[in-house]
Trainee: 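This is the structure I have questions about; it appears just below.
Here is the naming used below: chain letters follow the sequence lines, and residue numbers restart at 1 for every chain.
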There are 2 protein chains.
Amino acid sequence: MGGSAGDLVRLVAKGHGRSRAELARLSGMAPSSVSLRVEELIEAGLLREDGEGASRGGRRPRQLRLHENAGVVVAVDVGTHHVRMAVLDLAGRVLLEHELPGEIAEGPERVIERLLDNLRMTLRQAEVEHLPLLGVGIGMPGPVDPGAAKVVAPSRMPGWNDFPIGRRMSELLGVRVVVENDANLMAVGEHRYGWPDRDNLMAVKAGTGIGCGIIVSGRLHRGRGAAGDISHVPVHVPEPVTCSCGHSDCLEAHASGAALRRILRAQGIEVSSSRHLVDLVNDGVPEATTLVRNAGRLAGQVLVPLVNFFNPDVLVLGGGLSAAEPFVAAVRGAIYERCLPLATRDLEIATAVTGRDACMLGAGSLVLDEVLASEWVDDTLAAR
Amino acid sequence: MGGSAGDLVRLVAKGHGRSRAELARLSGMAPSSVSLRVEELIEAGLLREDGEGASRGGRRPRQLRLHENAGVVVAVDVGTHHVRMAVLDLAGRVLLEHELPGEIAEGPERVIERLLDNLRMTLRQAEVEHLPLLGVGIGMPGPVDPGAAKVVAPSRMPGWNDFPIGRRMSELLGVRVVVENDANLMAVGEHRYGWPDRDNLMAVKAGTGIGCGIIVSGRLHRGRGAAGDISHVPVHVPEPVTCSCGHSDCLEAHASGAALRRILRAQGIEVSSSRHLVDLVNDGVPEATTLVRNAGRLAGQVLVPLVNFFNPDVLVLGGGLSAAEPFVAAVRGAIYERCLPLATRDLEIATAVTGRDACMLGAGSLVLDEVLASEWVDDTLAAR
DNA sequence: CCATCTTTGTTCGGAATCGAAGTTTCAGGT
DNA sequence: ACCTGAAACTTCGATTCCGAACAAAGATGG
């Protein structure tokens, strides 16, 4: 597939295509054309030769990689109470990352201000100020319209509704900015960094809220923009709890971190955050363990029809609650108990390979895809 | 996208690309190259000029279509008690179709024998014996492994397990044969003939059994081969009924045509087929109507999480039960009552546009895609 | 009814791409 | 050590493909 300079760069960036010959095989172009193009790309400073690889029975391949000076992107994971940020090179390698506190409830203006400060500091610390910044990827903990690059109808995010964070950041920085929902980004991140050769994956992010991202045939599935929502699926529980959506039996109202904290508080146990909740579980506090296990069972029951229906290669469990072993075990149990053998036979159920970085890395991956698919490659080539 | 003769033929076949200029726009090739290629394709007898179209403010386009003598494919829908068959031209137009009785329980050898007889007769009746037969698409009412082109682990299909129907038919006919599950084919057929410009669609086939096919980004989603299974999702019902899978609360055990007939028989009402059941409903037999409405409600409840999760553009209801208005109304009701507004806002819920032909047309569409993506186009061109 | 703008399709020279043959380098066998 | 085959590139003539200009045909608007 493909037949242009951009395709070659993309293949190298994704980690396939490590030599001219391999690029020729993967791109479908003639070896001679690939050689010419690669030479140009090296001349333009986009690619770089990186020693020789192992022979496979003939001449050793001259390995190719993206030139580290070609540029960087910044990936941001905006959480409810924190901001995680990283600088990535064009191959998706993390050059520097860190986490800072930050309340999303402070509103978009204040958050953007802090993001920009952070971003400049991060670029300085990573010592890449002299390299071109090619794009920024931002994950938000709420529904996102990726076209307009803004948050829509969020709960727990006062002031953010319809705020065009993408356009604002883009104007202020002068670079491409992509915005996406955090659960979707977790799926993208886990797919790229954890299961790159599995085509169908779903990632469940169980933290303060519950979300799900879907990778179909290697690409993020957005549906009409709301795909992956599992938080308001009805579950069968003895006592109803009113959810923000108006129903009383939503998964989110009974199994999210917020719901569990509420229940514990009613039992006289104050919990400050999802991480605190997991600490209680790992410390063996029975009330917490019971609750978390029950949450896992409910989530698992919701996932059963989805796994049968979607029949993925991998089910990734991420978010705060996934750090609690009973939660993961309960999800696994519910799935294996009730899904079709055909659906579970080759199914991997795993916790997030990239842990707390998943969303941030997903943001990086998404913006990298955008950058490498843009005219930037051709423009850089043309500029010699 | 694309850049070869095959792509042009595909574009014309799909109904996009009706003139040289349009082909150039859609294929990305230069207008001059398209002109040259089209000329060759006309010379080779694959395309044909078909008068002039309406002007759009300039010169009128010289419309292109596939030459009707280029070849045909045969589409087969093997049901439990019938076989439907059609001859299609390369653009997917039905030249002739008919339905014959046929018991799948007679086993593969006997069914194949009858299929071949039917096929020869059909080609004769359609007066296309002199045209090349380029492929056969077959729909089977059970799980299919499309790679091996055989049925796997079927219920209600004695003797069919692991039978390589695709290879056998292919050997006997000397042409490409594709085999696929009937619900998947319903999705393909409805997508192509009913909702060609909607990218995400799910089709529920509620007949003797209950199945579901999924179109994601315009292409059939198979997952690991079992995607779309909704028949063994647990539903909440007062009295358990043992399903073939060993559980007692599967959707199929309570809402499939077979289940409804069983329940009616226990009430002393004998029903011979799903069609008979629908007749009873339309005749206003209250027991039947109540049952069918309840089945719709159960199916709808199962679909709620799937619609939220997948967020499709269209939900197609097909199969025998979809001819019963109370069934459709109950599904609609359950979805609108409980799905997210974001998921239902732009959702179309419709009965199958192509009615009982959906699976058969899907089989035709699938084999056409295969044929037009194969080397056949280039070979025909090379053969002058 | 004529001038102008649009859209469709074609012509043809120049540039990009291919592909077959050749070069370099290495593994494996004898 | 030497030969053979194989893989990774490179060279270079032949071919294809593009793209700009042109021709054809028609809508639009005064």
Trainee: Between C:dA16 atom P and A:E39 atom CD, what is the distance in whole Å?
Mentor: 17 Å

Trainee: On DNA chain C, nearest-nucleotide positions of A:A30 versus B:R20: which is more 5'?
Mentor: B:R20

Trainee: Do the charged groups of A:R59 and A:E52 touch, with an N to O distance under 4.0 Å?
Mentor: no

Trainee: What about B:S35: does its side chain form a donor-acceptor pair under 3.5 Å with the base of C:dG9?
Mentor: no

Trainee: Less than 4.0 angstrom from a charged side-chain N to a carboxylate O is my criterion; do A:R222 and A:D145 meet it?
Mentor: no

Trainee: Output the rounded distance in Å from CG (B:L381) to P (D:dT16).
Mentor: 12 Å

Trainee: So what does A:R25 hit on the nucleic acid, given a heavy-atom distance under 4.0 Å: a base, only sugar-phosphate, or nothing?
Mentor: sugar-phosphate

Trainee: Answer yes or no: does a side-chain N or O of A:R62 lie under 4.0 Å from OP1 or OP2 of C:dT25?
Mentor: no

Trainee: So how far is it from A:L134 CG to A:L88 CG, rounded to the nearest 0.5 Å?
Mentor: 11.5 Å

Trainee: Under 4.0 Å between a Lys/Arg side-chain N and an Asp/Glu carboxylate O for B:R93 and B:E68?
Mentor: no

Trainee: Going by the rule side-chain contact (heavy atoms from CB on, under 4.5 Å), which residues pair with A:V136 if we only count those two or more places apart in sequence or in a different chain?
Mentor: A:V74, A:V76, A:L119, A:L133, A:I138, A:L173, A:V175, A:V177

Trainee: Just so I know, are the side chains of A:R224 and B:R345 near enough to count as touching, which here means a heavy-atom distance under 4.5 Å?
Mentor: no

Trainee: Between atom CD in B:E22 and atom C1' in C:dT6, what is the gap in whole Å?
Mentor: 16 Å

Trainee: A:L23 CG to D:dA8 C1': how many Å, rounded?
Mentor: 12 Å

Trainee: Identify, with sequence neighbours excluded, every residue that meets ring-ring contact (aromatic ring centres under 6.0 Å, His included) alongside A:H221.
Mentor: B:F310

Trainee: Listed in order of residue number, which residues of residues 48-59 of chain B have a non-hydrogen atom at under 4.0 Å from DNA chain D?
Mentor: B:S55, B:G57, B:G58, B:R59

Trainee: Nearest-Å distance, CZ (B:R37) to C1' (D:dT16)?
Mentor: 9 Å

Trainee: From C:dT17, D:dC17, D:dC9, pick the nucleotide closest to the side chain of A:S33?
Mentor: C:dT17

Trainee: Which of these nucleotides, D:dC9, D:dT11, C:dT8, is closest to any side-chain atom of A:S32?
Mentor: D:dT11

Trainee: Starting at atom CE of A:M29, determine the distance to atom P of D:dC9, rounded to an integer number of angstrom.
Mentor: 15 Å

Trainee: By nearest atom, which of the nucleotides D:dG26, D:dA8, C:dC26 is closest to the B:R60 side chain?
Mentor: D:dG26

Trainee: B:I42 has an atom CD1; how far is it from atom C1' of C:dG9, in whole Å?
Mentor: 12 Å

